[in-house]
Amino acid sequence: MRLDRSGGVFCHVTSLPGRHGIGDLGDGAEAFLSFLGDADVRHWQICPLGPTMPAAGESPYQSPSAFAGNPLLIDLDGLVDDGWLDDADLEPVPDFPSDRVEYEAVREYKQPLLRTAFERFDEAGAGEAAPEFDAFREREPWLDDYALFRALSDARGEDTWTDWPDPLRTRDSEALAEARERHADEVRYREFLQWTFDRQWRDLRAVADEEGVSIVGDVPIYVALDSADVWANPEAFRLDDENRPAAVAGVPPNAGDSGQRWGNPVYDWGRLAERGYDWWVARFRRLFELADVARLDHFLGFVKYWAIPADRGDPAAGEWCEGPGRDLFETVERELGQAPFIAEDLGFEEPAMDELMAEFGFPGMRVPQYADWCAEGDEYQPMHYPEGVVGYTSTHDTDTWVGYFEDLPERQRECFRYNVGADGDRATEWEIIDEVWASEAVLAMTTVQDLLGLGSEARFNEPGTLDGNWAWRVRRDALDDEIADRLWELAGRHVR
């Protein structure tokens with residue numbers, strides 16, 4: 001699928017305004033889509049939508065499921081409309097901060113209400129909603145294992161599934177059947193949450209369609225070890241006879257660093273190929289139920305990947321292994337048709353990766369924060385972007401543009417101003433937004449933080465750190481008509 005020249009804005013759902021402590025699928029999301037429609041912005045990019053966990057710093061990239069939705073994003077007012085909560089149940093609403101998410105406080109408030117909604121739903125025998133609920137359970141083959149995994153995880157407290165008793169860890173059929181019976185109510189509760197999330201997300205996508213906005217989702221190449229994905233699909237990963245990782249992902253040492261050991265289990269691509277890449281096809285099929293376009297994180301890993309023996313702590317102990325390459329994407333095309341993918345190729349020079357992207361027409365990424373502004377022809381300067389890329393002002397993993405610019409050496413600042421013809425009359429963030437929108441990149445993307453000219457205090461994530469990430473939120477009155485008009489004017493002037 002070929003993408004058309006257009007513009008987009010990144011803002012993860014958790015960052016949206018809302019009165020229940022976290023961005024959700026309710027009126028704050030609808031208002032944001034209305035803003036994008038008014039601004040003639042055609043793409044809304046988000047992070048993965050899966051559940052997040054305190055132990056992983058609430059990262060949406062370390063979720064217990066690559067298929068499930070995050071129950072914290074469920075709109076409680078929507079449950080009132082469904083009749084499973086009353087307005088009085090929501091009171092008193094804690095005095096949540098409007099500029100950040102306090103995840104534990106949100107859980108303490110929302111989780112009992114979600115449980116109450118389920119109990120009322122179940123007490124009524126699901127009523128008119130029963131056929132829809134049953135159809136969802138039948139339609140989503142990942143749901144049964146996910147719900148049981150979460151029930152078992154809750155029952156076993158701090159244990160990860162690799163610490164469970166052998167019959168559960170290795171998925172003995174009798175042990176699984178007994179566990180489903182013992183935890184039947186909790187399993188059904190987890191299914192209810194996923195059905196509710198799915199219903200509300202589909203309603204929100206209908207609003208996006210009305211505004212002419214497509215959703216750009218995100219696919220982390222690796223999944224968390226402590227996830228339903230690995231527990232329920234051991235054949236897709238390089239595990240030992242005890243269903244524990246034999247090799248984990250990372251990156252090798254480079255000049256000036258000792259490499260990284262990420263700890264995610266790596267895939268058994270040979271066995272997946274024999275199975276027609278069934279797990280990946282199912283993953284992409286679910287993703288395109290939720291989004292219109294998908295960004296493939298760490299695209300290099302589909303070409304080659306660094307595998308570290310699980311019993312070794314030193315990244316240097318790993319080795320390069322061959323990824324599935326074109327075979328995977330040919331299979332995906334046969335099963336799902338031509339899928340609109342964006343390849344995250346930042347920082348890697350690998351001819352085989354470039355050839356794979358070119359063969360399937362996947363645009364790469366360019367971020368001007370990686371540019372040397374004093375080097376002629378630098379590929380990260382927007383005036384040198386080719387058509388087949390997505391240009392960003394910043395991303396969820398970088399500093400904001402203003403934060404980046406404030407830390408630039410003065411010589412680099414001077415070169416930037418010279419390159420973009422800055423006259424000092426415009427705010428720095430709008431200089432770079434204008435340059436990215438003017439570039440040849442097929443998609444031009446910015447962030448809400450850059451639209452608002454915010455500094456490093458508004459950074460969404462700092463890779464390699466656990467604390468303080470994924471918490472930033474936009475205030476309800478921040479995205480006003482003036483910003484929408486400015487984006488609308490840019491879209492017209494640069495034909496986006």
Side-chain angles (χ1 to χ4, degrees), residues 1 3-4 6-16 23-25 29 32-33 36 41-52 59-74 140 142 146 194 197-209 211-224 227 229 279-299 301-302 328-329 332-333 335-346 360 362-365 390 392 395-397 442-443 445-448 460-461 470:
M1 176 179 173
L3 297 169
D4 295 326
S6 51
V9 173
F10 168 84
C11 183
H12 191 40
V13 180
T14 57
S15 296
L16 295 171
D24 58 34
L25 307 184
F32 181 67
L33 285 168
L36 295 180
V41 168
R42 292 170 54 190
H43 300 280
W44 172 21
Q45 183 172 338
I46 56 176
C47 289
L49 290 167
T52 62
S59 171
Y61 294 87
Q62 290 290 329
S63 175
S65 174
F67 294 78
N70 188 348
L72 294 182
L73 303 183
I74 291 173
E140 301 297 341
W142 54 272
Y146 167 76
Q194 290 307 308
F197 175 92
D198 193 79
R199 291 168 63 235
Q200 292 192 354
W201 183 256
R202 288 174 186 271
D203 288 345
L204 191 63
R205 281 197 72 188
V207 175
D209 288 343
E211 296 290 351
V213 175
S214 68
I215 308 295
V216 181
D218 205 322
V219 183
I221 186 170
Y222 294 117
V223 298
S227 67
D229 306 305
W279 184 85
W280 272 96
V281 170
R283 185 182 186 186
F284 285 139
R285 180 177 285 114
R286 174 60 176 162
L287 177 79
F288 287 114
E289 291 177 1
L290 303 173
D292 303 289
V293 181
R295 189 192 80 112
L296 300 175
D297 195 32
H298 193 64
F299 189 76
F302 294 107
L328 170 63
F329 294 104
V332 171
E333 278 197 357
E335 295 291 330
L336 304 179
Q338 286 191 321
F341 289 125
I342 296 168
E344 189 277 294
D345 60 340
L346 296 169
F360 288 91
F362 301 160
M365 290 174 56
V390 180
Y392 290 77
T395 75
H396 67 277
D397 274 343
V442 64
L443 296 187
M445 303 288 293
T446 189
T447 66
V448 167
F460 197 45
N461 178 51
W470 317 110

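The chain is numbered in sequence order, starting from 1.
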Enquirer: On a heavy-atom basis, which atom in Gly8 and which in Val41 lie closest, and how many Å separate them?
Expert: CA-CG1, 3.6 Å
Enquirer: Measure across Leu3 and Pro340 and return the closest heavy-atom pair with its distance rounded to 0.1 Å.
Expert: CD2-CB, 4.4 Å
Enquirer: If you compare all heavy atoms of Ile215 against all heavy atoms of Asp292, which two are closest, and at what distance to 0.1 Å?
Expert: N-OD2, 2.7 Å
Enquirer: Between Phe362 and Ala339, what is the shortest heavy-atom contact and its length?
Expert: CE2-O, 4.2 Å
Enquirer: Please identify each residue that fulfils ring pair (Phe, Tyr, Trp, His ring centres under 6.0 Å) with His298, with sequence neighbours left out.
Expert: Trp262, Phe348
Enquirer: Within the distance-only criterion (no hydrogens, no angle test), does the side chain of Trp201 pair as donor or acceptor with the backbone N or O of Leu290 below 3.5 angstrom?
Expert: yes
Enquirer: Indicate yes or no for a side-chain donor-acceptor contact from Ser6 to the backbone of Asp4 under 3.5 Å, with no hydrogens or angles considered.
Expert: yes
Enquirer: Do the side chain of Asp24 and the main chain of Leu72 share a donor and acceptor less than 3.5 angstrom apart?
Expert: no
Enquirer: Could you go step by step and tell me if Glu211 and Leu36 meet the side-chain contact (heavy atoms from CB on, under 4.5 Å) rule?
Expert: CA-CA 8 Å; Glu211 296 290 351; Leu36 295 180; over 6 Å; no
Enquirer: Given the rule in the side-chain contact (heavy atoms from CB on, under 4.5 Å) test, do Val219 and Leu296 qualify, once you have shown the distances and angles that lead to the verdict?
Expert: CA-CA 5 Å; Val219 183; Leu296 300 175; 4.0 Å; yes
Enquirer: Taking side chain as C-beta onward, heavy atoms only, is Tyr392 less than 4.5 Å from Phe10?
Expert: no
Enquirer: List in chain and number order the residues that pass side-chain hydrogen bond (donor to acceptor under 3.5 Å, both in side chains) with Arg42, two or more places apart in sequence or in another chain; answer none if no residue qualifies.
Expert: none
Enquirer: Identify, with sequence neighbours excluded, every residue that meets salt bridge (Lys or Arg N to Asp or Glu O under 4.0 Å) alongside Arg202.
Expert: Asp198, Glu289
Enquirer: Is the shortest heavy-atom distance from the side chain of Leu443 to the side chain of Ile342 under 4.5 Å?
Expert: yes
Enquirer: Does a side-chain heavy-atom distance below 4.5 Å link Asp229 with Trp279?
Expert: yes
Enquirer: Taking only distance into account, with no hydrogens and no angle test, what donor-acceptor pairs under 3.5 Å do side-chain atoms of residues 61-69 form with protein atoms, sequence neighbours excluded?
Expert:
residue : atom : partner : partner atom : Å
Tyr61   : OH   : Asp218  : OD2          : 2.7
Tyr61   : OH   : His396  : NE2          : 3.1
Ser63   : OG   : Pro51   : O            : 2.7
Ser63   : OG   : Ser65   : N            : 3.2
Ser63   : OG   : Ser65   : O            : 3.0
Ser65   : OG   : Phe67   : N            : 3.0
Ser65   : OG   : Ala68   : N            : 2.9

Enquirer: Side chains of Val448 and Ser15, heavy atoms from C-beta outward: is any pair under 4.5 Å?
Expert: no
Enquirer: Quick one: list whatever passes salt bridge (Lys or Arg N to Asp or Glu O under 4.0 Å) with Arg199, sequence neighbours left out.
Expert: Asp82, Glu132
Enquirer: Taking salt bridge (Lys or Arg N to Asp or Glu O under 4.0 Å) as the definition, give me every residue that meets it alongside Glu344, ordered by chain and number, with sequence neighbours left out.
Expert: none
Enquirer: Could you list the residues that satisfy side-chain hydrogen bond (donor to acceptor under 3.5 Å, both in side chains) with Ser214, not counting sequence neighbours?
Expert: His43
Enquirer: For the CE atom of Met445 and the CE atom of Met365, what is their distance to the nearest 0.5 Å?
Expert: 9.0 Å
Enquirer: List the residues meeting ring pair (Phe, Tyr, Trp, His ring centres under 6.0 Å) with Phe302, not counting sequence neighbours, and say none if there are none.
Expert: Trp280, Phe299, Phe329
Enquirer: Listed by chain and number, what are the side-chain hydrogen bond (donor to acceptor under 3.5 Å, both in side chains) partners of Asp203, not counting sequence neighbours?
Expert: none
Enquirer: Who are the side-chain hydrogen bond (donor to acceptor under 3.5 Å, both in side chains) partners of Asn70, not counting sequence neighbours?
Expert: none
Enquirer: Any side-chain heavy atom of Phe360 within less than 4.5 Å of one from Glu333?
Expert: yes
Enquirer: Mind checking ring pair (Phe, Tyr, Trp, His ring centres under 6.0 Å) for Trp44 and listing every partner two or more places apart, or none if nothing turns up?
Expert: Phe32
Enquirer: If we only count heavy atoms from C-beta on, is the Asp397 to Asn461 side-chain gap below 4.5 Å?
Expert: yes
Enquirer: What's the shortest heavy-atom distance between Ser227 and Ala224, and which atoms?
Expert: OG-O, 2.6 Å
Enquirer: Quick one, Gln194 and Glu140 - any side-chain contact, counting heavy atoms below 4.5 Å?
Expert: no
Enquirer: If you round to the nearest 0.5 Å, how far is CZ of Phe197 from CG of Leu49?
Expert: 4.5 Å
Enquirer: Can you give me the closest heavy-atom contact between Cys11 and Ile46, atom names plus distance?
Expert: O-CG2, 3.6 Å
Enquirer: Would you call Ile74 and Gln200 a side-chain contact if the rule is heavy atoms closer than 4.5 Å?
Expert: yes
